[in-house]
Amino acid sequence: QVQLVESGGGLVQAGGSLRLSCAASGRTFSNYAMGWFRQAPGKEREFVATINWSGARTYYADSVKGRFTISRDNAKDAVYLQMNSLKPEDTAIYYCAADPRGFGSPRGSYDYWGQGTQVTVSA
């Protein structure tokens, strides 16, 4: 099983950057695909980015491509989301999730979720 804890959220002005981290525990981490999702108040949770088990394949939502970068370091049991050129519409709680299938599909089965970290972008 995998336990996930996000960190790195905060308040930033539009155009700024943040890097989110997801610390994972469990020996199966290296076999899992990892994804980032976000949910703004009053809105549905949406897919942001995913990375397959090895880090060789990534996929991004159109709303963040070119601005966000997902990466992983299996040796450190960590997944990251580098967020650049932030916009007010990026404001949301960001969640790290794990897909035991390992394929890195945006529609994968994300069975494990972190508590979330708040990202607020001011205009």
Side-chain angles (χ1 to χ4, degrees):
Q1 304 299 311
V2 176
Q3 294 78 46
L4 306 173
V5 179
E6 303 95 335
S7 63
L11 175 64
V12 65
Q13 291 186 334
S17 298
L18 285 173
R19 189 179 77 158
L20 305 183
S21 297
C22 176
S25 61
R27 68 173 185 172
T28 59
F29 172 81
S30 62
N31 296 324
Y32 284 28
M34 301 297 298
W36 287 97
F37 297 77
R38 67 187 183 185
Q39 186 169 24
K43 298 183 179 180
E44 299 288 334
R45 183 167 59 194
E46 65 175 339
F47 165 79
V48 175
T50 188
I51 187 167
N52 82 321
W53 70 273
S54 69
R57 181 164 66 95
T58 59
Y59 190 88
Y60 299 91
D62 288 343
S63 60
V64 306
K65 67 179 182 180
R67 300 188 297 121
F68 291 11
T69 302
I70 187 172
S71 62
R72 69 189 300 161
D73 187 340
N74 288 345
K76 297 181 178 180
D77 294 334
V79 180
Y80 308 98
L81 185 69
Q82 178 66 47
M83 305 185 295
N84 298 326
S85 301
L86 283 163
K87 306 174 181 179
E89 51 262 45
D90 295 319
T91 296
I93 300 175
Y94 283 71
Y95 297 92
C96 176
D99 177 359
R101 300 183 306 173
F103 300 139
S105 170
R107 298 184 178 181
S109 298
Y110 293 93
D111 295 333
Y112 306 99
W113 295 81
Q115 187 176 5
T117 185
Q118 177 70 49
V119 172
T120 302
V121 184
S122 62

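Computed over heavy atoms, backbone and side chain alike; hydrogens, waters and symmetry mates excluded.
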- Task: Assess whether side-chain contact (heavy atoms from CB on, under 4.5 Å) is satisfied between Glu6 and Leu20, documenting all intermediate values.
- Result: CA-CA 7 Å; Glu6 303 95 335; Leu20 305 183; over 6 Å; no

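From Trp53, atom CH2 reaches atom CG of Asn74 across 8.0 Å, with rounding to the nearest 0.5 Å.
Residues Thr69 and Tyr60 meet the side-chain proximity criterion, which asks for heavy atoms closer than 4.5 Å. Contact of the Glu46 side chain with the Arg38 side chain is registered, since non-hydrogen atoms from C-beta on lie closer than 4.5 Å.
Using cut-offs of 30° and 60° on the angle between ring planes, the pair Phe37 and Phe47 is perpendicular. In this pair, Tyr95 and Trp113 present their aromatic rings perpendicular. The plane angle is above 60°, beyond the 30 to 60° band.
Applying the disulfide bond (SG atoms under 2.5 Å apart) test to every pair with at least one member in residues 82-123, sequence neighbours left out, gives these pairs: Cys22-Cys96. Counting only residues at least two apart or in different chains, disulfide bond (SG atoms under 2.5 Å apart) contacts with residues 34-88 are absent.
Follow the hydrophobic side-chain contacts under 4.5 Å out from Ile51 and you reach Leu18 in the same cluster.
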Considering only distance and modelled atom types, tabulate donor-acceptor pairs under 3.5 Å from the side chains of residues 114-123, sequence neighbours left out.
from	atom 1	to	atom 2	distance (Å)
Thr117	OG1	Gly9	N	3.2
Gln118	NE2	Ala92	O	3.4
Gln118	NE2	Thr120	OG1	3.4

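Asn84 and Ser17 share a side-chain donor-acceptor pair at under 3.5 Å.
The pair Lys87-Asp90 does not meet the salt-bridge criterion, since no charged nitrogen lies less than 4.0 angstrom from a carboxylate oxygen.
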